[in-house]
Amino acid sequence: MADLGFVRNESARQLRAGRSRTLGLVVLDVANPFFTDVARGAEAVAEAKGIVVTLYNSGSDPEREHRHLELLTEQRVQGVLITPVESGARDLDDLAARGIPTVLVDRGSGRRKQCSVAVDDVLGGKLAIEHLVDRGHTQVAYVGGPAHLGQVRDRLQGAREAWAAADLPADALTWIETSALTVAEGREAGARLAGIPTSRRPAAAFCANDLVALGLLQHAISSGVRVPQDLSIVGYDDIEFAAAAAVPLTSVRQPRQLLGRTAAELVLDEATNAAHTHRQVLFTPELVARASTQG
Ligand code: RIB
């Protein structure tokens, strides 16, 4: 084969085998290191079995997600790992109907007969708020959005439950809703926070993910707001840049690579094991305290 320079025809092999040696991984935001780490975990499992992981970015756009899933269906992939833009994505039913193994990542499967791997985001929100309340904060902002993201809603639910458990007035936990979970939106939220009259301005912020927290931190530093003295900040994910930030970021850690590994194991089991049974795996987050709240 080497002497002849023979290269196997993957299309012909796929026709015979009925499936390509590929997993599709559809993520909300390819620029978010959270998903890079999830992809690394999935790749580690898939590549050990000779399977390639192909990354698709929905950009939190349902129409782009739909186009990606149509392509993946045509390509007869071994399976699909997806963090759906909306939990009721019509395409998820289509994939199941076409017999394409699908695992929801970073989202519970609800009533669906599908596997899912996620982290308990309600508990994560509680951990963040309990940390701030323990440090004496009585005026806190929850910074994140949009509301259609399940992660944003669940983290806010946990925050509100912990706030109520501390007998603090509901209106002292304010939600600064953003249009995306990005650094730019974090900076913009910082400007909105600065515009709140001093008497009512929160001295602490729980951000729905680390990118928003890093943007908020950048705005604070550039406008002379001291962190944590004037503004304590908690993020979510504990991506690599959280610890490396100008003021190391307190964050709620998600087991990112483990999410990816587990999702890949489940989808490949469904693709190859006739006795496969669906599982909904839920991991526990942990709070990692750093300089952005210590003081
Ligand atoms: O996709 C937005 C966020 O949801 C990520 O930062 C991560 O927290 C995920 O759970």
Side-chain angles (χ1 to χ4, degrees), residues 25-42 55-62 64-65 68 81-87 89 103-110 116-129 142-159 175-187 189 205-217 233-243 245 249-263 280-288:
L25 171 60
V26 185
V27 300
L28 291 174
D29 177 6
V30 73
N32 184 341
F34 168 84
F35 292 108
T36 312
D37 293 338
V38 168
R40 282 196 184 115
L55 189 62
Y56 295 80
N57 179 35
S58 68
S60 296
D61 175 347
R64 276 182 68 181
E65 179 182 86
H68 288 329
L81 308 177
I82 180 169
T83 303
V85 177
E86 292 152 356
S87 49
V103 176
L104 300 186
V105 179
D106 193 35
R107 182 83 87 259
S109 59
S116 64
V117 291
V119 176
D120 186 342
D121 282 331
V122 173
L123 172 59
K126 286 182 181 173
L127 293 175
I129 290 299
Y142 174 67
V143 183
H148 72 69
L149 280 181
Q151 298 94 318
V152 170
R153 292 197 305 272
D154 289 351
R155 292 164 197 173
L156 174 58
Q157 177 189 330
W175 181 10
I176 296 181
E177 187 174 357
T178 60
S179 61
L181 292 175
T182 60
V183 172
E185 283 295 314
R187 284 196 296 268
F206 165 34
C207 300
N209 80 346
D210 287 343
L211 296 184
V212 171
L214 291 170
L216 182 60
L217 175 63
I233 302 176
V234 178
Y236 204 104
D237 294 339
D238 198 28
I239 59 175
E240 192 177 345
F241 299 116
L249 195 60
T250 293
S251 185
V252 178
R253 173 176 294 164
Q254 295 204 75
R256 303 174 305 284
Q257 294 203 26
L258 181 58
L259 277 167
R261 295 182 63 88
T262 306
Q280 285 69 43
V281 179
L282 190 65
F283 292 109
T284 301
E286 60 172 319
L287 185 119
V288 181

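We're numbering straight along the sequence, starting at 1. We count ligands from 1, going down the list as the structure has it; atoms in each ligand are counted the same way.
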> Have D237 and Q254 got a donor and an acceptor in their side chains that come within less than 3.5 Å?
Replying inline: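 Yes.
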> Would D106 and T83 count as having a side-chain donor-acceptor pair, cut-off 3.5 Å?
Replying inline: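 Note: D106 and T83 side chains miss the donor-acceptor criterion.
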> Hey, which residues fall under 4.0 Å of ligand 1 on heavy atoms?
Replying inline: L28, N32, F34, F35, D106, Q151, R155, L181, N209, D237, Q254
> Distance-only, no hydrogens or angles: does the S251 side chain make a donor-acceptor pair with backbone N or O of R253 under 3.5 Å?
Replying inline: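 The answer is no, because no donor-acceptor pair under 3.5 Å joins these two groups.
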>> Would the distance check show the side chain of E286 and the main-chain N or O of V252 forming a donor-acceptor pair, the cut-off being under 3.5 Å?
In response: no
> Could you walk me through whether D121 and K126 pass the side chain to side chain contact (heavy atoms under 4.5 Å, CB included) check?
Replying inline: CA-CA 9 Å; D121 282 331; K126 286 182 181 173; over 6 Å; no
> Under the side chain to side chain contact (heavy atoms under 4.5 Å, CB included) criterion, do V152 and Y142 qualify, and how do the steps go?
Replying inline: CA-CA 10 Å; V152 170; Y142 174 67; 3.8 Å; yes
